[in-house]
Amino acid sequence: MSEHPLLERLNEHQRAAVAADNSAGAGSGKTRVLVHRIAWLMQQRQVSPYSILAVTFTNKAAAEMRGRIEQLMGSSVRAMWIGTFHGLAHRLLRAHYMDVGLPQNFQILDSDDQQRLIKRLIRSMNLDEKRWPAKQAQWYINGKKDEGLRPLHIDTYDPTERTLKSIYEAYQDSCDRAGLVDFAELLLRAHELLRDNRIVREHYQKRFQHILVDEFQDTNDIQYAWIRLLAGQHNQVCIVGDDDQSIYGWRGARVENIQKFLDDFPGAQTIRLEQNYRSTGNILNAANQVIANNSDRLGKDLWTDGGDGEAIDIYAAFNEQDEARYIVGRIEAWRDQGNALQDCAILYRSNAQSRVLEEALLHARLPYRIYGGLRFFERQEIKDALAYLRLLASRDDDAALERVINTPTRGIGNRTLELIRQAARERQLPLWQSAQQLVNEQVLSGRARNAVSQFIELIEQLASHTLEFSLGRQCDEVIKQSGLLAMYEAEKGEKAETRVDNLKELVTACDNFRLDDSEEDLSPLNAFLAHAALEAGDEQADEYQDAVQLMTLHSAKGLEFPLVFMAGVEEGLFPSQQSMDEPGRLEEERRLCYVGMTRAMQQLVITYAEQRRIYGQDFFHKVSRFIGEMPPACLNEVRIQSKVQQPGMSRFHSGASHEAFVQTGYQLGQRVRHPKFGEGTVLNYEGSGPQSRIQINFDMAGSKWLVVAYARLEPC
DNA sequence: ATCTATTTTCTTTTT
DNA sequence: GAAAATAGAT
């Protein structure tokens, strides 16, 4: 087989993996193996694309995989099922909606919708909202679903859990009545379908002779069970994964599934991919050293036959603005050397960190593209518009109705709404039908009755009136007739303007929307709504502009960039405060660090801030332990010089820092030694001359304000 | 019922 | 520091 042209550009281990079964290593070409295996199956073994199922975790990965296969094969492979677990589950449920007891037009609930719904239920159950936060209940419900458990499977005497269970029950009832399916439910219901329906199961088992799974370390219980069911006794399953890149434990992923797979599929061969084709020796060494601090690893050491490359730069900023300025300065230098902006990425632990970075990039007029965070379809005004569209698709969608029945305000206040909810509960009906009945029965006061009936009329009007419209015109009509557009137009401020723009952009998005081959069973509206929920609009405009890439460490997995910045590498932020007490979670943070570092191909720059503002409060974090775990020989500490600097001499040198030097004789970020407090970093100053005071963050003693004249400081 | 001003809580990470 | 929850005024 090695003479086959498809295998030529793979190394010996990759080659073996293509033709055999499964497994590992960052930058070792896992996805490449998967793609080549699929092509090899088709070309060499005459396997029909019809019998192949390929599963990924993100839409991006799925799209990339399909693209690469088609490129390799030179033709489209529409018959093949490639997609995310959630996308494929959705497809299964659509095809068998009757078997799983769903209405044909069932809608998908995103986690924001889910949380609102749960919150409402907790209120209606007369539970104390302080004691039973919606977020916690949501976490509980999703956790149980990820384990494959329905309320009836939960048997507990723990009073806390009993209450949570009752919320779960009420929530599930509510979803079922309204034809709503959340993310976890997609997987759980698809699994129950395969498990309980022999005919359906055997059909798919017969069909999918070859199953391939990317990033297997991220599978949870239900996803694993899914694969097992589909695999049956005879089908070939090929998985790739890296236990060191397991970073989704918090949402139920189980690394153990890799080991379990080897036990459950006795014929499976393991092939280790340890040669790294991405990063330089320095980066790889440092990453290996960091990850070596974890216990319970399957164990591997990546190596490269490329050179050591540049050392990893470490920059200690005095605050988050300085950190952002430094990064921007480096990016400008990178661009000036003739490099593309899209080849560099700024990675951070939490989305909140992006703002300061964005401001600095904006200020420097550097175009950037931000992944994740508030996505297009998650914006308030877009969700409002989508809720109207959802009502057109399914009147029973309670979540959508709750959202827009009084948006814009049309005189249906809390009191009226409560009556509708109560009637719905008593009669076990969706809100829409309950509202209709109340209007007919004349139980509402004249004013309220009028308002509700007008709302019902509005939706019915929109539905019948736009029946023949294209999706774009339908959307346009909805935002106009509903008064949503007018409402946002009436608001003042920059924010309201962008909301109006976004609504118009939604119309454009509808116009440009094309049905996928696999979605022929759906109406354009339903397909669009599913896209909005499942794909959250990752690909926004400006895709072709050369721009700096900003994203969280989580969303960087699977990607690579010549130049990578990891920002905010501080104790309490990364590793995050919540993970520090629990060893298991700390190890997950360390894997996240490993993932981040191994994204870099040529140069890695790690930054941290001595002082950082987090929701209004100043924090003085220490350097992250992860930096301490890297071998010093691979590192290069960039520091502001403690001697006088010509203004503008260094492009990384901030104006504020120079100003501080003029006033006090010390620069921000400068390291100093105090006879009593030891070493520290200058953070801030006030006043001028000998009476001026400076703020120093001492490594041991914490942050203090000292008068320059009296503090016996010396540079160090 | 709605608008406005004031208080409170919140942040990991994503399909 | 912002979004959301709460309270007070119309």
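Just so we're on the same page: letters track the sequence lines, and every chain starts at 1. The figures here come from the full heavy-atom set of this structure, side chains too, leaving out hydrogens, waters and symmetry mates.
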Report task. Using the closest heavy atom to pick a nucleotide of DNA chain B for each, name whichever of A:Gly87 or A:Ile614 lands nearer the 5' end. Result ->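 Result: A:Ile614.
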
Rounded to the nearest angstrom, tell me the gap between atom [atom1] in [X] and atom [atom2] in [N].
X        : N      : atom1 : atom2 : result
A:Gln138 : B:dT14 : CD    : P     : 15 Å
A:Asp218 : B:dT13 : CG    : C1'   : 12 Å
A:Glu129 : C:dA4  : CD    : P     : 15 Å
A:Trp139 : B:dT14 : CH2   : P     : 17 Å
A:Phe183 : B:dT15 : CZ    : C1'   : 5 Å
A:Lys130 : B:dT7  : NZ    : C1'   : 11 Å
A:Glu535 : B:dT14 : CD    : C1'   : 14 Å
A:Glu378 : B:dT14 : CD    : P     : 10 Å

Query raised in the report: So does A:Arg325 pair up with A:Glu359, basic N to acidic O under 4.0 Å?
Result: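 No, no charged N to carboxylate O under 4.0 Å.
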
**Report entry** Test: A:Glu215 and A:Lys557 ion pair at under 4.0 Å
**Finding:**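 Between A:Lys557 and A:Glu215 there is a salt bridge, with a charged N closer than 4.0 Å to a carboxylate O.
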
Query raised in the report: What's the shortest heavy-atom distance between A:Arg591 and A:Ile247, and which atoms?
Result: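 For A:Arg591 versus A:Ile247, the nearest heavy atoms are C-CG2, 4.1 Å.
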
[N], OP1 or OP2 - any side-chain N/O from [X] closer than 4.0 Å?
X        : N      : result
A:Asn414 : B:dT2  : no
A:Thr409 : B:dA1  : no
A:Asn59  : B:dT15 : no
A:Thr416 : B:dA1  : yes
A:Lys60  : B:dT15 : no
A:Ser111 : B:dT15 : no

Query raised in the report: Is a side-chain donor-acceptor pair under 3.5 Å present for A:Asn526 with A:Gln107?
Result: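 Present: a donor and an acceptor within the cut-off.
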
Query raised in the report: With distance as the sole criterion, is a donor-acceptor pair present between the side chains of A:Asp243 and A:Gln217 under 3.5 Å?
Result: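 A:Gln217 and A:Asp243 do not have a side-chain donor-acceptor pair below 3.5 Å.
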
Report task. Using the P atom on both, measure C:dA4 against B:dT13 and round to a whole Å. Result ->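 It comes out at 16 Å once rounded to the nearest Å.
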
Minimum-distance nucleotide to [X] side chain [options: [options]]:
X        : options               : result
A:Ser350 : B:dT11, C:dA5, B:dT14 : B:dT11
A:Lys119 : C:dA5, C:dA2, B:dA1   : C:dA5
A:Arg375 : B:dT15, C:dG1, C:dT6  : B:dT15

Using a heavy-atom cut-off of under 4.0 Å over every strand shown, decide if [X] touches base, sugar-phosphate, or nothing.
X        : value
A:Arg591 : nothing
A:Arg613 : nothing
A:Tyr248 : sugar-phosphate
A:Ser576 : base
A:Lys135 : sugar-phosphate
A:Asn406 : sugar-phosphate
A:Arg410 : sugar-phosphate
A:Phe57  : sugar-phosphate

Query - Aromatic stack A:Trp250/B:dT13: centroid gap under 5.5 Å, interplanar angle under 30° - result: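 The base of B:dT13 is stacked with A:Trp250 (centres under 5.5 Å, planes under 30°).
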
Query - Cationic tip of A:Lys60 above A:Tyr371 ring, under 6.0 Å, 45° of axis - result: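 Flagged: A:Lys60 positioned over aromatic ring of A:Tyr371.
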
**Report entry** Test salt bridge (Lys or Arg N to Asp or Glu O under 4.0 Å) applied to A:Glu192 and A:Arg189, step by step
**Finding:** CA-CA 5 Å; A:Glu192 288 169 346; A:Arg189 231 182 251 228; 5.4 Å; no

Query raised in the report: After noting the C-alpha distance and the side-chain angles of A:Glu418 and A:Arg415, does the key distance pass the salt bridge (Lys or Arg N to Asp or Glu O under 4.0 Å) rule?
Result: CA-CA 5 Å; A:Glu418 199 47 58; A:Arg415 224 183 128 57; over 6 Å; no

Query raised in the report: Does the pair A:Arg254 and A:Asp221 meet the rule for a salt bridge (Lys or Arg N to Asp or Glu O under 4.0 Å), with working shown?
Result: CA-CA 7 Å; A:Arg254 295 188 183 262; A:Asp221 286 342; 2.7 Å; yes

Report task. Hunt down any stem DNA chain B takes part in, defined as 3 or more consecutive Watson-Crick or G-U pairs whose two distances are each under 3.5 Å. Result ->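 Expected stems, ordered by start: B:1-10 with C:1-10.
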
